[in-house]
Amino acid sequence: MTADGAHGNGLTVSGKPMLLPTQGVREVARQLVPDDVAPGDTAAITRVCLELSMSMLDGQNLPAKTGRLAEAAADWAREGVPIDTILHSIHEGLKLGMDLIFANVTVKDYANLVNGVKLVVEMLDIMSATVARAYVREHKAAVSEHHTAVHTLTSALLGGYATATTAREHGIGIADEYSILAVHIPKHPDEQHPMLDGKVVARRKLRRLQAELATRCGENALALLSVDGGTILIPTATLSGERLDELLAQLSAAARVPLTAAVVTASATEVPGAADRAHELLDTVRRLQCAPTLYRFADIALEYQLTRPGPGRESLGSLLDPLDDHPELLQTLRCYISNNLNRQRTSRSLQIHTNTVDYRLKRVSQLTGFDPTTTSGVWQLRSALIARTFSKRSQPDIQVDAV
């Protein structure tokens, strides 16, 4: 076997051009039909690959055949054929083609087999690169088109003007009922790293979250998300109940930051109002600095009601006015309540002696008239802290920790 001869750079076997017989192409194509792919499509791709191989073996440079391979790969991407299936077919086709080519190899040809191996590697490089480029390009276009459709339909649902016609236009069905999640995405620590681009870190965080959402819910989930958070609509038929808690945990793990979310369930026509309520709940738990998790209305009904505007909230918040000139007392009260009335944990958190905690709680009782060491007193004081967080008297640093 040699790389020289009458056929340019084509290889020869036993002094004859190394060509693949036409019947060999058909035979190889017939054998390479995966069970999960349409036989006609697979055979067509295989023939294109083998014809390209024959052109290379014959020393020809035929960009047209490479273009046909790229077009075929793009078609497969549109039809959802896995790229590993395509690449596997290419490798298997070359293996079977080599069997046909080398069937007539003699002992004298083995000294130059390395040239044939190098050419096979070159074939694989050209074919794999061509397929990968075309497949990824088409896949990106499809993803972009789907993302635009999802964005448009989600906006329509949240705006209250989505119709069956709108859904059909974008190829996405509207569910009868949705779980509407208002989501807060905190900053990843690396976003503040002086050696890293914070915007790039934030975008990667969001992409990981979106990829996980797609993995868990497929095309059923609709979302409008930024690096800080947003809204997710999940059909209740897809996920509901405790599975939503599991989903939030999975999204948190993917984003590598603890997410906080509030969920409200509503029919498709009620999505706009439900989304507003979900974001109101989320705002409540964030301002009260509650632990990151998934909240339902029943979890924070009392806190939600206490934070509603009105004279009741202002009056309740004013119970703590006597502490305005004693920030250390207010801080101790907040820490004491957030630590479930545990004096030892409070002293450790504030790095003060337990006797100091006792003294400050006693002063709170003297100034406000409510004893934080009794059930009735702590109920009033905790409610006042919640109301004060949303009242006009609230200061930027006066918030309730993990209520």
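Computed from a predicted model, the values in this text were never measured in an experiment.
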Partner residues of Lys362 under the side-chain contact (heavy atoms from CB on, under 4.5 Å) criterion, sequence neighbours left out: Gln366
Using a 4.5 Å cut-off on heavy atoms from C-beta on, say whether the side chain of Asp176 contacts that of Ser267. no
Partner set under side chain to side chain donor-acceptor pair (under 3.5 Å) for Thr332, not counting sequence neighbours: Arg360
Is there a side-chain contact (heavy atoms from CB on, under 4.5 Å) between Leu222 and Ile232? Walk through the geometry before answering. CA-CA 6 Å; Leu222 305 176; Ile232 301 175; over 6 Å; no
side-chain contact (heavy atoms from CB on, under 4.5 Å) partners for Arg296, two or more places apart: Leu244, Asp245, Val263, Leu294, Asp299
What verdict does the side-chain contact (heavy atoms from CB on, under 4.5 Å) test give for Leu233 and Leu158, after you've listed the backbone C-alpha separation in whole Å, the side-chain angles of each residue and the deciding distance to 0.1 Å? CA-CA 9 Å; Leu233 309 180; Leu158 292 173; 4.3 Å; yes
State whether Asp197 and Arg204 are salt-bridged, where the test is any N-O pair (Lys NZ or Arg NE/NH1/NH2 against Asp/Glu carboxylate O) under 4.0 Å. no
Contact check, side chains of Ile386 and Thr284, non-hydrogen atoms, under 4.5 Å: no
Between Arg388 and Asp321, is there a salt bridge with N-O shorter than 4.0 Å? yes
All heavy atoms of Leu385 vs all of Arg334, minimum pair found to be CD2-CG, 3.7 Å
Please name all residues satisfying salt bridge (charged side-chain N to carboxylate O under 4.0 Å, His left out) with Arg277, sequence neighbours left out, ordered by chain then number. none
Working to the nearest 0.5 Å, report the span between OG of Ser347 and CD1 of Ile352. 7.0 Å
Please collect all ring-ring contact (aromatic ring centres under 6.0 Å, His included) contacts where either partner lies in residues 346-376, sequence neighbours excluded, each pair once. none
Identify the heavy atoms of Pro186 and Lys205 that sit nearest to each other, and give their distance. O-NZ, 3.0 Å
Correct closest heavy-atom pair for Ser349 and Asn339 would be OG-ND2, 3.6 Å
Is the closest side-chain heavy-atom distance between Leu87 and Ser128 below 4.5 Å? yes
Walk me through whether Leu206 and Leu225 qualify under side-chain contact (heavy atoms from CB on, under 4.5 Å). CA-CA 8 Å; Leu206 179 59; Leu225 294 171; 3.9 Å; yes
Among all residues two or more places apart in sequence or in another chain, which pass the side chain to side chain donor-acceptor pair (under 3.5 Å) test with Glu280? Tyr304
For the residue pair Arg208 and His188, establish whether any side-chain heavy-atom pair is separated by less than 4.5 Å. yes
Do Leu381 and Leu320 have side chains that approach each other closer than 4.5 Å (heavy atoms only, starting at C-beta)? yes
Taking atom CZ of Arg216 and atom CG of Leu248, what is their separation to the nearest 0.5 Å? 12.5 Å
Would you say CD of Glu242 has more than 12 non-hydrogen atoms from neighbouring residues, nucleotides or ligands within 6.0 angstrom? no
Would the number of heavy atoms belonging to other residues, nucleotides or ligands and lying under 6.0 Å from CZ of Arg256 be above 12? no
Minimal heavy-atom distance between Ala262 and Leu282, with the atoms involved, is CB-N, 3.7 Å
Thr236 and Glu177: side chain donor to acceptor below 3.5 Å: yes
Quick one: pull up CG in Leu209 and OG in Ser252 and give me the separation to the nearest 0.5 Å. 8.0 Å
Atom CG in Leu329, atom CG in Leu361: separation rounded to 0.5 Å? 9.0 Å
Taking the side chain as C-beta and beyond, is there a heavy-atom pair between Leu157 and Tyr178 under 4.5 Å? yes
Output, in order, the C-alpha distance, side-chain angles, deciding distance and verdict of side-chain contact (heavy atoms from CB on, under 4.5 Å) for Leu247 and Arg243. CA-CA 6 Å; Leu247 175 64; Arg243 296 181 65 190; over 6 Å; no
Quick test of your reading of the model: are Arg382 and Glu303 salt-bridged, counting only N-O distances below 4.0 Å? yes
Could you pull out the closest heavy-atom pair between Ile83 and Ala132, with the gap in Å? CD1-CA, 4.2 Å
Within the side chain of Ser338, is there an N or O that forms a donor-acceptor pair under 3.5 Å with the backbone of Cys335? yes
Does Asn340 reach the main-chain N or O of Asn342 with its side chain, forming a donor-acceptor pair under 3.5 Å? no
Is any side-chain heavy atom of Leu319 closer than 4.5 Å to one of Thr368? no
Working to the nearest 0.5 angstrom, can you tell me the gap between Asn220 CG and Thr238 OG1? 3.5 Å
Could you grab the distance from atom CG of Leu330 to atom CG of Asp325, nearest 0.5 Å is fine? 11.5 Å
Would you name the heavy atoms of Pro258 and Pro292 that are closest together and state the gap between them? CB-CB, 3.8 Å
State, with a plain yes or no, whether a side-chain heavy atom of Thr265 is found less than 4.5 Å away from one of Ile180. no
